[in-house]
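Small disclaimer: the values here were computed from a predicted structure and weren't measured. These numbers come from the heavy atoms of this one structure, side chains and all, not from hydrogens, waters or symmetry mates.
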Amino acid sequence: MKNLRWYDKDKYLSAFMTLLQGLSEDIQSKVAVDIMLYVPKVIEKDFSKFIKIVAEHDPRQYQRWYDKNPHLHTAIESIRNMNQSEREKLIGAISDIIIKYTNQDPFKFGK
């Protein structure tokens with residue numbers, strides 16, 4: 001059995017990440033900033049403290065495709081560290097953000 005990445009365990013996040021990976025770096029950054037602006041509305045922990053912790057790490061030391069863009073790294077790490085309930089609250093916003101920049105619904109992508 002294939003070892004799934006954390007976001008592949010959720011079909012919506014998997015579709016979002018697939019679409020996001022194919023976008024230009026400029027659009028990825030815009031999506032990431034919008035996600036970071038929305039995350040404090042749904043997260044149940046001290047988001048400013050979390051951002052400080054994430055910012056203290058150099059994402060370039062990692063090998064994942066989204067670590068090459070610091071904005072994207074921070075946004076994706078914020079999603080990764082959410083609990084299931086928080087992620088569910090964020091799903092609608094993610095869809096709206098992606099549609100805003102690409103006119104594509106990330107949850108219909110790849111179907």
Q63 vs D67, side chain to side chain contact (heavy atoms under 4.5 Å, CB included): CA-CA, chis, key distance, verdict: CA-CA 7 Å; Q63 300 297 315; D67 294 324; 6.0 Å; no
Taking the side chain as everything from C-beta on, heavy atoms only, tell me whether [X] gets closer than 4.5 Å to [Y].
X	Y	result
L90	F16	no
W65	L20	yes
Y12	E88	no

Hey, could you give me the [atom1]/[atom2] distance between [X] and [Y], rounded to the nearest 0.5 Å?
X	Y	atom1	atom2	value
K41	E86	NZ	CD	15.5 Å
I27	I97	CD1	CD1	13.0 Å
I79	M36	CD1	CE	10.0 Å
E77	R64	CD	CZ	4.5 Å
M17	I94	CE	CD1	9.5 Å
H73	K68	NE2	NZ	14.0 Å

Residues forming a side chain to side chain donor-acceptor pair (under 3.5 Å) with D10, sequence neighbours excluded: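 Scan of D10 (side chain to side chain donor-acceptor pair (under 3.5 Å), adjacent residues dropped) gives none.
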Counterpart residues, side chain to side chain donor-acceptor pair (under 3.5 Å), relative to K100 (two or more places apart):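 So K100 forms a side chain to side chain donor-acceptor pair (under 3.5 Å) with D34.
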Contact summary for A75 and A32, nearest pair of heavy atoms: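 In terms of heavy atoms, the two residues are closest at CB-O, 3.7 Å.
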For N83 against S85, the heavy-atom pair lying closest together: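 Where N83 meets S85 most closely, the heavy atoms are OD1-N, 3.1 Å.
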Hydrophobic cluster membership, W6 vs M82, 4.5 Å side-chain cutoff: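 W6 and M82: one cluster.
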